[in-house]
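Just so we're on the same page: letters track the sequence lines, and every chain starts at 1.
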2 protein chains.
Amino acid sequence: MSSSRATLIQVAERAGVSLASTSRALHGTGASKKMVDRVRAAAAELGYSPDAIGRSLRLKRTFQVAFAVADIGNPVYVEMLTAIHEVLAPHGYRVVVMSTGPTVASTTDLVRSLSSGFVDGLIVSPLRTDDALVEAIRQAPVPVVVIGRSLEQQGIDSVSTDSAAGLGQAVAHLVEIGRRRLGFVNGPLDTTPGAARQRGFDAATSAPGFAGDHAETERAEDFTVAAGLAAARRLLSRRPAAGPFDAVVAANDLLAIGVIRAARELGLSVPGTLAVTGMDDTEIGRVFQPSLTSVSLGSAERGTAAARLVLDRVDDVAEPARQIAIGPRLFVRESTSQEESAR
Amino acid sequence: MSSSRATLIQVAERAGVSLASTSRALHGTGASKKMVDRVRAAAAELGYSPDAIGRSLRLKRTFQVAFAVADIGNPVYVEMLTAIHEVLAPHGYRVVVMSTGPTVASTTDLVRSLSSGFVDGLIVSPLRTDDALVEAIRQAPVPVVVIGRSLEQQGIDSVSTDSAAGLGQAVAHLVEIGRRRLGFVNGPLDTTPGAARQRGFDAATSAPGFAGDHAETERAEDFTVAAGLAAARRLLSRRPAAGPFDAVVAANDLLAIGVIRAARELGLSVPGTLAVTGMDDTEIGRVFQPSLTSVSLGSAERGTAAARLVLDRVDDVAEPARQIAIGPRLFVRESTSQEESAR
DNA sequence: ATGAAAGCGCTAACAT
DNA sequence: ATGTTAGCGCTTTCAT
């Protein structure tokens, strides 16, 4: 750790020119070649590097964008973060990771804290949403992009996906491979994804064309492996009149892994006796044994889209709110394949 | 998004008092109750919230700490990030995530960029280290804490772990459960962890007390599942004179998962025919099937320790460099247990 | 093309 | 206890 750093004034003195010329020379805006050389040399001698804070104060820009999520441990958010970073870094933006906590109130507080002005924009993926949060977002002093639910109506930029339709794809696939008695392990219903996925499952299994014999939901406390394991134990211990479950749809990959572990405990082979699908198409699901059939909701694409929206918004504040939708897409893997290689 | 925000001057005008009194009243330092009430009221009316940039410029503190890693997708770093966040957030610090890229040069650049002064400290976990990086860290204008290799000699705060010893624990365990022909799937040797783990494996398998019959290394391109799969295919296709491998030590959990997938391809049961150990004790390893025997290097603890070091350093710059070591610890799970429940 | 000077929002030293 | 004022490092208008 060295002593305090050189300022622009010191560079100016060293070069024997004015402060203004020094600034201009370093930015290459309207300065003679001679001036530029002279100033550059002085800056190099002093090991000068511009101060981000002074610059921000003057420009009223911090070159920082925050990404706020409930749980950075969830692989979905990590994927989004990586994608966001890739879009923003080339534009000179740093990404600040913030933890919201699971409640709406804590998320709302965080959005309100933006008024301290340490970021130029925010990308937030709230697990739960209410009117207060929506209002806080509208009042926010910097652009906010929401990943999760469409809030175009409310005049908020958002990137959404149709997880209900995604659930339909999973159900359709299971029926197509001959499964008839479906269980659904969902997360908490009061969360945005939980509610959407429940709607999707209910719609798919109550549609006129549904060829299955039975459909039943069990709710996990949380979108985690442990909660999925517990929920699956409860679900699989029940014996529907139509016969034992031959497939379980899980609301995300972590829950699906919990389901598979529960199946193994009960001596049910996957996918032989029990086919299992996940959602989010995570790396962990892809490398799991058996690898997980999963509905991709385009985590990386959503991150990319959100980052682009923020970038646009930072430049042009006036445009009307935009909404970008990323379609779900099913990837079939071992956990629903009849011809899985023997263990 | 509302219009521009109220400043302290505006609050002062509204309250009809001086700027200084306003600042003091809001901080509760030496102001009468009357003054405090008056100012608070004015602030509330205007919806005032302090500007982080103005404050930073004056205090020469940003209340930000950066965490720089090569690959935020690696679960180890996510665990560290979570731990760092938990320590720093209560102290009012935000955490900025930065991506270094895999090379030393890019990491060195990043450390040098600190001179722009947008953070009060840096926690960095470099995959590779060289003299230039060490020098850049010493020259850095803010405290830097290194997670990975002990750099106490160089006067740099660091949090290390003894992964070589950890490898010894894995080898000892395998020998103890009767395995005699060990393969080692390591990552790149020119990385800090790769080199340390190689030393650990070599030391453990060439020690006088080593009861095994054979020990051989195969190097993966990278510390990932895909690289582990490829390396394991190469390793397992070889037939040592002493007989086929009955155990593989992997340099981390991701590689171990790759090894298990390769074993399955080749029809080798794990742990029956082939016992496999990982390292890092990640969530993904714990929920994998079979769950992974793994050497914990205390990712969360290292993150916590690093965050505390930065915090101390921000307050007191003068203290001599400190080095904190977190001991490795073996967790035995299904991938090396003889009595694994049948699939 | 160059220089002088204002001012971004805040805190703290100094004066009253 | 309260007010006045300087100044953190930078960019940019304005004048030359």
Problem set entry | Position toward the 5' end of DNA chain D (nearest nucleotide), B:Lys34 or A:Leu8 | B:Lys34
Exercise. With a cut-off of under 6.0 Å to the ring centre and 45° to the axis, is A:Arg5 in cation-pi contact with A:Tyr48?
Worked result: no
Problem set entry | B:Gln10 CD - C:dC8 P separation (whole Å) | 10 Å
Exercise. Expressed in angstrom and rounded to an integer, what is the separation of A:Lys60 atom NZ from D:dC10 atom P?
Worked result: 17 Å
Exercise. What orientation do B:Tyr93 and B:Phe63 show, parallel under 30°, tilted 30 to 60°, or perpendicular over 60°?
Worked result: tilted
Exercise. From the list D:dG9, D:dC10, D:dT2, which nucleotide is the closest neighbour of the side chain of A:Leu57?
Worked result: D:dG9
For this session: Go through the steps to decide whether B:Ser115 and A:Ser49 satisfy the test side-chain hydrogen bond (donor to acceptor under 3.5 Å, both in side chains), and finish with yes or no.
Result: CA-CA 6 Å; B:Ser115 52; A:Ser49 78; 2.9 Å; yes
Exercise. For the pair made of CD1 in B:Ile53 and P in C:dT11, what is the distance, rounded to whole Å?
Worked result: 13 Å
Exercise. So which of A:Val124, A:Val65, A:Val310 actually passes side-chain contact (heavy atoms from CB on, under 4.5 Å) with A:Val145?
Worked result: A:Val310
Exercise. Would a 4.5 Å heavy-atom cut-off, applied to side chains only, mark A:Leu8 and A:Leu26 as touching?
Worked result: yes
Problem set entry | Identified salt bridge (charged side-chain N to carboxylate O under 4.0 Å, His left out) partner of B:Asp157 from the options B:Arg138, B:Arg313, B:Arg308 | B:Arg313
Seminar exercise, completed: Out of C:dG9, C:dA12, C:dT2, minimum distance to the side chain of B:Leu59 belongs to C:dA12
For this session: List the steps and the verdict of side-chain hydrogen bond (donor to acceptor under 3.5 Å, both in side chains) for A:Ser116 and A:Ser113.
Result: CA-CA 6 Å; A:Ser116 73; A:Ser113 81; 5.6 Å; no
Seminar exercise, completed: Against the side chain of A:Arg55, the closest entry in C:dT2, D:dC10, C:dC10 is D:dC10
Exercise. Could you state the CG-P distance from A:Asp37 to C:dA1, rounded to the nearest angstrom?
Worked result: 15 Å
Exercise. In residues 17-24 of chain B, which residues come under 4.0 Å of DNA chain C by heavy atom?
Worked result: B:Leu19, B:Ala20, B:Ser23, B:Arg24
Exercise. Just to confirm, is there a sub-4.0 Å distance from OP1 or OP2 of C:dT2 to any side-chain nitrogen or oxygen of A:Ser32?
Worked result: yes
For this session: To the nearest Å, give me how far apart NE2 (A:His27) and P (C:dT2) are.
Result: 17 Å
Exercise. How close or far is atom P of D:dA1 from atom CZ of B:Arg38, stated in whole angstroms?
Worked result: 16 Å
For this session: Could you check how far CD of B:Glu13 sits from P of C:dC10, rounded to whole Å?
Result: 13 Å
Seminar exercise, completed: B:Arg61 CZ to C:dC10 C1', in whole Å, measures 16 Å
